Structures are given as C-alpha cells and as structure tokens.
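The structure appears below as structure tokens.
A note on names: the letters A, B, ... follow the listed sequences, proteins ahead of strands, and every chain is numbered from 1. This one's a predicted model, so the numbers in the text were calculated from it and none came from an experiment.
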Protein chains: 2
Amino acid sequence: MHIYWKVRLLEIRQLRYFMQVCESGSLLKASEVLFISHQALSKSLSLLEKELGAALFYRTPKGMIPTQFGQELLEDSRPILAEWDQLNLKLEESATRHKGKIRLGLSGGLIYFGSKKIWEYFKELHPHTEIEPYEHGYIEGLKCLKAGTLDAVVISDYENTDGFITYSLPSTRRLLIVEKSNPLASKEELEIKDLRNEKFILCINDFAYNKFLRLCQAEGFTPDVRRTSDTVYMYKLCSEDGLCGLCIDSNTSNLVPKYPELRAIPFKDNAFPYPMMLAVRNNYPKPTLIKELVDFLTYSLNSVLY
Amino acid sequence: MHIYWKVRLLEIRQLRYFMQVCESGSLLKASEVLFISHQALSKSLSLLEKELGAALFYRTPKGMIPTQFGQELLEDSRPILAEWDQLNLKLEESATRHKGKIRLGLSGGLIYFGSKKIWEYFKELHPHTEIEPYEHGYIEGLKCLKAGTLDAVVISDYENTDGFITYSLPSTRRLLIVEKSNPLASKEELEIKDLRNEKFILCINDFAYNKFLRLCQAEGFTPDVRRTSDTVYMYKLCSEDGLCGLCIDSNTSNLVPKYPELRAIPFKDNAFPYPMMLAVRNNYPKPTLIKELVDFLTYSLNSVLY
DNA sequence: CCCTCTTACGACTACCGTAACGATA
DNA sequence: TATCGTTACGGTAGTCGTAAGAGGG
C-alpha cells in the first residue's frame with residue numbers, strides 16, 4: 001500500500017509564474033512570456049493563493065494588480081529568483097566547463113595508474129572530460145609538459161623549479177627492501193641512521209635521490225648508491241647481491257611477494273615518504289577539469305591506499 | 001493536440017535532496033530525513049547528474065562522497081536553500097500574520113463604505129482577516145479609538161493631535177452645492193474668493209470646518225456658516241432657502257440628481273479637497289492587517305473614484 | 001548478515017492544453 | 001467585439017513506493 005503522502009511545498013515554478021504576472025500585469029501577457037496557457041497560469045496562481053491563505057492580486061478587467069501581500073511576496077521573491085537564475089546559468093555552462101581533454105603523463109613507478117579501468121571509471125563519472133594517459137620517464141614527462149605536448153604529469157617527490165602549478169596527491173610510505181639474511185630484516189621499523197653501512201640499488205627519480213642524500217647527510221654519512229630505471233633489475237640485485245632497495249606500499253602487495261628472500265620494512269614516522277603531485281602546465285585553459293582530476297585521483301588513491 | 005513540451009528545469013526539490021545526501025553521507029540516511037524511499041532518492045540524483053552531465057558523487061560501499069563538482073554545487077546551493085527555507089518559514093507564518101480582527105469605525109459621509117459588499121469582497125480576498133465595520137459620528141469614532149473599543153477609523157480631513165498612526169487614503173474632490181438660480185451656478189469652476197457673499201449650511205466635521213475658515217480668511221473674509229450633521233437637511237436648506245452646501249464626488253452621482261434645482265460645482269485646482277485617512281490605535285498588534293486594509297481601501301476607492 | 005546503491009515496474013497526481021464561459025468597457 | 005479572468009475536462013509525464021538484485025565488509 002502506498003503512503004504517497006506529500007506535503008505540498010512551494011516550488012520555484014510557482015514563484016516564477018507569480019513574479020512574471022506581477023511584471024507583465026496580466027495573465028495573458030505573462031502566459032506568453034512563460035510559454036504556457038493563461039488558463040494554466042490562472043489555476044497556478046489561484047492554487048498558490050489558496051495555499052498561502054490570502055489573495056495576491058486584485059482581479060480587474062484591465063489585469064492583475066498585486067495586493068499588499070502580493071507586493072511583499074514579490075519583494076521577498078526577487079532576490080531568490082535572481083540567485084536561482086544565476087545558479088541555473090552556471091549549471092548550463094557546466095557542460096561546457098567540463099568539456100575538454102587532459103593529456104596526462106604518468107611517470108615510472110606510477111604505472112598502476114595506467115590500468116585502463118581507472119580512466120574508464122573517470123569517463124563514466126565525467127563523460128565530457130577526456131583523459132589521454134601517457135607513460136614516460138619523469139624527465140621526459142616534464143620536458144613534454146614544458147613543451148606543451150602534455151597538459152599535466154603525475155610525478156613523485158617533485159620539487160617545482162619550473163613554475164608549474166602543482167597539486168598534492170595522497171602520499172604513501174616508502175619501504176626498504178632487504179634480504180632476509182640482512183640484520184636489518186629483523187627490525188619492524190627503520191631509522192635513516194640504521195642505513196649507514198648499507199649499499200643501495202635504487203630505482204628513484206632525481207628529486208627523491210637528492211632527498212635521500214640530504215636525509216643521510218643529516219645523519220652524518222653519504223650512502224653508497226647505484227641507480228637504475230628498471231624495477232625488476234633492482235629486485236634482482238637486492239635478492240642476488242644483497243643490496244638494499246626502496247619500494248612503496250603498493251609494491252609490497254604486488255612485487256615483493258614474488259621474491260621470497262626479500263623483506264620490505266617501513267621507516268619510523270614515515271621518515272622518507274613518497275609524496276605524489278600533479279604538475280600542470282600553467283597556461284592550461286580549464287582549471288575546472290584539473291580540479292576534478294585531482295579530486296578524482298585523491299579519492300581513488302585513498303581508496304587504493306587505505 | 002497537446003504541445004506538452006516542457007524544458008525540464010532544475011527544481012528546488014532536487015537541490016534539497018542533493019544537499020541532504022551531502023550532509024547525511026548516504027542515501028539511506030538522507031531518505032529517512034527527507035521522508036522518501038532511498039530508491040526514489042537514488043533515481044532523483046542519477047537524473048540530476050545526467051542533466052548536469054557530470055557525476056556529483058563517488059559511490060562507495062560506505063556511502064556517497066561528493067566529487068569536486070558536487071562540492072561546488074553544494075556551496076552554490078547552500079545560500080539559496082537557506083533563503084528558500086526562510087521564505088517558506090515566513091509564508092507559513094503568513095496565515096498567522098493575517099489572522100485577526102479589525103474593529104473599524106466609519107464616520108459620517110463615508111457611509112458608502114458600509115455597503116456590505118465591499119467587506120464581503122475583502123473577506124474573499126483575506127479569509128483569515130475579519131473586518132467589523134461600525135458607523136459613528138467622527139467624534140464618537142475617535143473617542144472609541146482612544147478608549148480601545150475600535151481599532152481603526154476611516155475619517156476625512158483629520159488633523160492628528162492624538163498620536164494615532166495614520167495612513168492616507170485616496171482623496172476626492174469637494175464641490176459646492178448651489179441653487180441653479182444662484183449666479184455662481186453658471187460657473188464651471190469656483191475659487192474660494194467667489195464665496196465671499198454666500199451663506200452656508202455645511203455637513204462637515206470640525207477638521208474640515210476649521211480648514212474652510214482658514215481658506216476663507218486667507219482671502220480676507222469670514223464665511224457665514226451654519227452647521228448640521230444631517231445630509232438630507234443640508235440639501236433641503238440649499239434647495240429651499242438658497243444656502244450653499246458642500247458635497248463630494250460620490251454625492252454628485254447619488255444624492256445631487258434627486259434635487260433637480262441644485263448644481264454641484266468643483267473648486268479650481270481642487271482648492272478644498274476631501275482627504276481621507278485611516279487612523280489606527282497605536283498599540284494595535286497586527287500592522288500587517290492594517291497595511292492590507294489600507295491597500296484594499298486605496299484600491300477600492302480608486303476603482304470607485306476613477 | 002549487515003550495510004551500501006541501483007534497476008524495474010506499477011500507481012498516483014500535478015500540471016498542462018483545449019474548450020467553453022463570465023465580466024467589463 | 002475585444003480583452004480581461006475563471007472553470008471544466010482529459011492526457012502526459014514526473015515522482016513516488018514496493019520489490020528485487022548486486023556488491024562490499
């Protein structure tokens with residue numbers, strides 16, 4: 001059984017009709033402006049008056065003249081209807097504001113963004129926005145951004161010296177990869193100073209590399225680091241040659257388990273985090289799209305990370 | 001054939017639903033607040049998103065999280081919905097604000113207000129307001145107003161020395177009544193100075209009487225005036241004894257024609273007008289009612305007068 | 001099993017348009 | 001007659017509720 005009980009509330013339409021009649025001075029003229037029949041308009045107003053319990057107009061053979069009550073309602077309605085129209089205007093534009101393309105660079109360790117699914121989901125949410133994802137090394141990505149062949153780049157540890165507009169994305173942890181035979185492997189958490197005597201093979205970009213150097217130097221030593229741009233190679237050297245590596249949270253569930261002789265250990269107080277950013281070319285014309293993308297990535301990353 | 005072509009416009013309901021979901025964080029909770037089923041709510045939102053061309057929420061197993069676009073809409077909606085609620089609140093009160101009684105005194109020459117019809121029309125327009133009309137001499141009316149047994153009095157030529165709140169009503173003309181044999185009867189318009197040698201029988205209140213004296217004295221003479229409170233008696237003396245009287249516009253269509261030997265002549269530039277006012281006891285609790293009454297009387301008088 | 005949101009279907013009703021009518025100048 | 005407003009009637013479409021289902025924790 002339906003309980004289709006409906007408290008009739010004032011709707012914007014009624015107010016708009018009422019106001020137009022005030023302005024036009026007669027039902028007929030108002031009905032022409034409103035693109036409805038004057039009969040429907042008459043009924044709408046009568047109903048409104050009945051609901052309010054008082055007349056809004058004097059009916060004359062010359063037209064409709066608002067009563068005192070009508071004049072008061074008119075004054076109260078004007079600002080609301082104005083704001084309402086403004087909002088509607090803005091929303092009508094919204095299709096335009098959301099129409100556009102973002103050529104998006106994804107560097108190195110962020111490949112998991114490349115999974116088609118995430119962009120399909122974005123497309124579903126924002127059918128008028130097109131994301132074109134490209135995978136690059138971070139240097140190439142920034143070069144394209146500068147050249148204007150990319151609109152935005154997702155990059156980690158970025159220290160902006162190029163004047164790009166940047167947005168923070170959720171950070172994740174960085175973890176040390178060591179052989180289980182390494183004494184460090186027994187620890188639950190690491191501090192930077194624990195790394196004093198280790199040798200490293202690192203797959204990280206320049207920004208992160210410099211950060212790592214600074215962190216170690218603050219503890220009074222310079223680490224022995226070799227670098228690579230090949231993740232698999234890094235894991236190989238760690239497991240075969242006993243070097244230390246660095247990975248991030250998502251690797252611990254994906255890659256690390258494939259190397260049973262390795263362990264990933266977090267840093268105490270997330271001392272060496274993995275901050276992600278979106279860098280955007282500063283003359284990109286649709287900031288709305290970027291904001292939406294940042295929001296989406298933030299949401300998605302948080303869902304993935306936690 | 002119906003051209004039932006309707007441009008679907010955003011309605012306040014949709015916005016309210018949207019906002020409640022933002023605040024409640026899930027469809028189910030919001031639907032309980034809104035007293036509708038969560039299914040209907042789901043549909044309403046999906047429709048809204050479709051209309052706007054972009055998603056307003058991320059759907060999660062924990063609830064609805066607004067996207068960037070959703071957050072923007074929320075911010076834009078908040079002030080409008082707040083104003084809207086305020087207006088609705090005011091309108092809900094309106095039945096209360098219009099509920100009340102006015103004990104209304106009508107003095108002397110304003111008897112035509114007493115015609116039941118006009119108050120029936122008022123009742124039709126404002127069913128929650130009750131007008132109780134009483135007919136008095138103007139002195140008695142003001143006395144009742146002072147005593148609090150009347151709420152308001154319609155009175156002419158009133159010079160307020162009692163601290164009542166007064167409202168102007170439409171003025172009408174005052175005309176001189178003379179026998180057609182009187183030389184003045186040949187004139188189309190009169191000036192005050194034309195009255196220098198006449199004798200008067202006047203049915204006017206003290207305020208108007210004093211005004212008349214002042215007008216004549218400004219022209220350098222004092223008129224020979226007898227007064228009466230009986231209109232018919234005035235007409236009698238005018239037609240039988242050749243005295244001059246004063247009447248107002250409405251009398252010229254009602255009473256004057258009954259005395260074929262009389263003529264009513266207006267004053268040049270409406271030099272001696274007939275101003276009407278509404279005097280209200282200053283502690284009357286419902287100013288809204290009074291304003292509505294003033295508006296109504298103004299409208300009615302203008303319809304009658306012009 | 002609980003919560004989340006969605007889809008499908010049937011029913012109610014608000015609104016509109018057409019037509020006819022009443023009143024005023 | 002022309003212009004104003006109202007009442008009556010039938011059809012469309014929007015919105016609701018109920019029922020059923022998919023998915024995550």
Nearest to side-chain heavy atoms of [X], which nucleotide of [options]:
X       : options               : result
A/Ser37 : C/dG17, C/dC5, C/dT6  : C/dG17
A/Leu47 : C/dT4, C/dC9, C/dC15  : C/dC15
A/Lys43 : C/dC16, C/dC5, D/dC16 : C/dC16
B/Ile36 : D/dG17, C/dT7, C/dC15 : D/dG17

Indicate, with a heavy-atom threshold strictly under 4.0 Å, whether B/Tyr17 touches base, sugar-phosphate, or nothing.
sugar-phosphate

Test item: side-chain donor near acceptor, B/Gln68 and B/Glu72, under 3.5 Å:
yes

Do B/Asp295 and A/Thr67 get their side chains close enough for a donor-acceptor pair, meaning under 3.5 Å?
no

My understanding is that only residues two or more places apart in sequence, or in another chain, count here; which of them pass ring-ring contact (aromatic ring centres under 6.0 Å, His included) with A/Tyr58?
B/Tyr299

Who pairs with A/Tyr167 by ring-ring contact (aromatic ring centres under 6.0 Å, His included), at least two apart in sequence or on another chain?
none

Taking only residues at least two apart or on different chains, which pairs with a member in residues 63-92 of chain B satisfy ring pair (Phe, Tyr, Trp, His ring centres under 6.0 Å)?
A/His98-B/Phe69

Axis deviation across the helix from C/dC1-D/dG25 to C/dA25-D/dT1, five-pair ends, to the nearest 10°
10°

How many whole angstroms separate atom [atom1] of [X] from atom [atom2] of [N]?
X       : N      : atom1 : atom2 : value
A/Glu11 : D/dT15 : CD    : C1'   : 12 Å
B/Tyr58 : D/dG23 : OH    : C1'   : 20 Å
B/Arg59 : D/dA22 : CZ    : P     : 19 Å
A/Leu41 : D/dT7  : CG    : P     : 14 Å
B/Leu28 : D/dG23 : CG    : C1'   : 16 Å
A/Ile12 : C/dC15 : CD1   : P     : 14 Å
B/Lys29 : C/dC3  : NZ    : P     : 11 Å
B/Leu48 : D/dT15 : CG    : P     : 11 Å

With distance as the sole test, does A/Lys101 use its side chain to make a donor-acceptor pair with the main-chain N or O of A/Glu132 at under 3.5 Å?
no

Carboxylate-amine/guanidinium contact A/Asp269 A/Arg173, below 4.0 Å
no

Which class fits the ring pair A/Trp119 and A/Phe296: parallel under 30°, tilted 30 to 60°, perpendicular over 60°?
tilted

Is [X] near enough to [N] that one of its side-chain N or O atoms lies under 4.0 angstrom from OP1 or OP2?
X       : N      : answer
B/Ser26 : C/dT4  : yes
A/Arg13 : C/dC15 : yes
B/Ser42 : C/dC5  : no

Side-chain donor-acceptor pairs under 3.5 Å in residues 23-31 of chain A, sequence neighbours left out?
unit_1	atom_1	unit_2	atom_2	d
A/Ser24	OG	A/Gln20	O	3.2
A/Ser24	OG	A/Gln20	NE2	2.8
A/Ser26	OG	A/Leu28	N	3.4
A/Ser26	OG	A/Lys29	N	3.2
A/Ser31	OG	A/Leu27	O	3.3
A/Ser31	OG	A/Leu28	O	2.6

Do B/Phe18 and B/Phe57 make the cut of ring centroids closer than 6.0 angstrom?
yes

Per-nucleotide protein contact along nucleotides 19-25 of chain C, 5' to 3', at a 4.0 Å heavy-atom cut-off (B base, S sugar-phosphate only, - neither), is BB---S-

